[in-house]
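Take a look at the structure below.
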Amino acid sequence: MATRPEDALAGMIANLKATTGKALEEWAELMRPHGFTKHGEMMAFLKGEHGVSHGYANQIALNVRKPAEAANSDPVEEMFKGPKAAVRPIYDDLLGKIKVFGSDVDIAPKKGYVSVRRTKQFALLQPASSRVDVGLILKGEPTTDRLEASGSFNAMFTHRVRVGSLAEVDDQLLGWLKKAFDAA
């Protein structure tokens, strides 16, 4: 399986000291007296004053700026707080059925959605207050009333299905998900 972006970024942070001469905590301590509040300020300082490459400077700045509580929180739990809590059973059901497709299904929670991958991303699960939107990559698949063109939903996907109840996690939806999985 290809390296997940999250794993590659974690590897960068793990190798930070060997590559730049300082661990993340040391970079944070060095930057603290400057009172930087903007990402661009941190980047300019790291690249200009310390010769850190763009990729490492970006990761240092992102990790120094992110609050400690955000680093320790579960993104899925955060996603389903408030009005979106009502659609959590739909998400859980979908995810359980997708995982049956194969041991190589990779689930990667982000801030507002969950990326579902194999060797490449094939689906996205994004909660809304009254439904879970399922983004699919199904090149060449004709649209229907239910299988919409993704339009402005997400440019990475060809289709979207709006799932408003557990009953809508049916054979038709699972067939589209399996087809996207097989193509990934």
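The model shown is predicted, which means the values in this text are computed figures rather than measured ones.
Here CG of Asn63 is found 6.0 Å from CD of Gln59. Values are rounded to the nearest 0.5 Å. Distance CG/Leu125 to CD1/Ile107: 7.0 Å, rounded to 0.5 Å.
When atom types are taken as modelled, the side chain of Ser150 and the backbone of Phe153 share no donor-acceptor pair closer than 3.5 angstrom. Checking side-chain atoms of Asp170 against main-chain N and O of Leu173 turns up a donor-acceptor pair under 3.5 Å. Side chain of His159 to backbone of Glu141: a donor-acceptor contact under 3.5 angstrom is found.
Classification of Lys17 and Glu26 as a salt-bridged pair holds, one side-chain N sitting under 4.0 Å from a carboxylate O. With respect to the salt-bridge test (charged N to carboxylate O, under 4.0 angstrom), the residues Asp106 and Lys120 do not qualify. Checked for salt-bridge contact, Glu168 and Arg162 miss the test: no charged N lies under 4.0 Å from a carboxylate O.
The hydrophobic clustering, which links ILVMFWY residues whose side-chain heavy atoms are closer than 4.5 Å, places Leu138 and Phe101 together.
Within 6.0 Å of NZ on Lys179 lie no more than 12 heavy atoms contributed by other residues, nucleotides or ligands.
Side-chain contact between Val114 and Tyr91 is present, with at least one heavy-atom pair separated by less than 4.5 Å. Inter-residue side-chain proximity for Gln121 and Phe157 is flagged as met; some heavy-atom pair is nearer than 4.5 Å. Lys84 has its side chain out of reach of Met79: every pair of non-hydrogen atoms, C-beta onward, lies at least 4.5 Å apart.
Pairs engaging residues 40-53 under the side chain to side chain donor-acceptor pair (under 3.5 Å) rule: Lys47-His54 [sequence neighbours left out].
Using bins of under 30°, 30° to 60° and over 60° for the plane-to-plane angle, the ring pair Phe181/Phe122 lands in the perpendicular bin.
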*Tell me, with the steps shown, if Lys97 and Val169 meet side chain to side chain contact (heavy atoms under 4.5 Å, CB included).*
CA-CA 9 Å; Lys97 290 176 177 170; Val169 182; 3.9 Å; yes
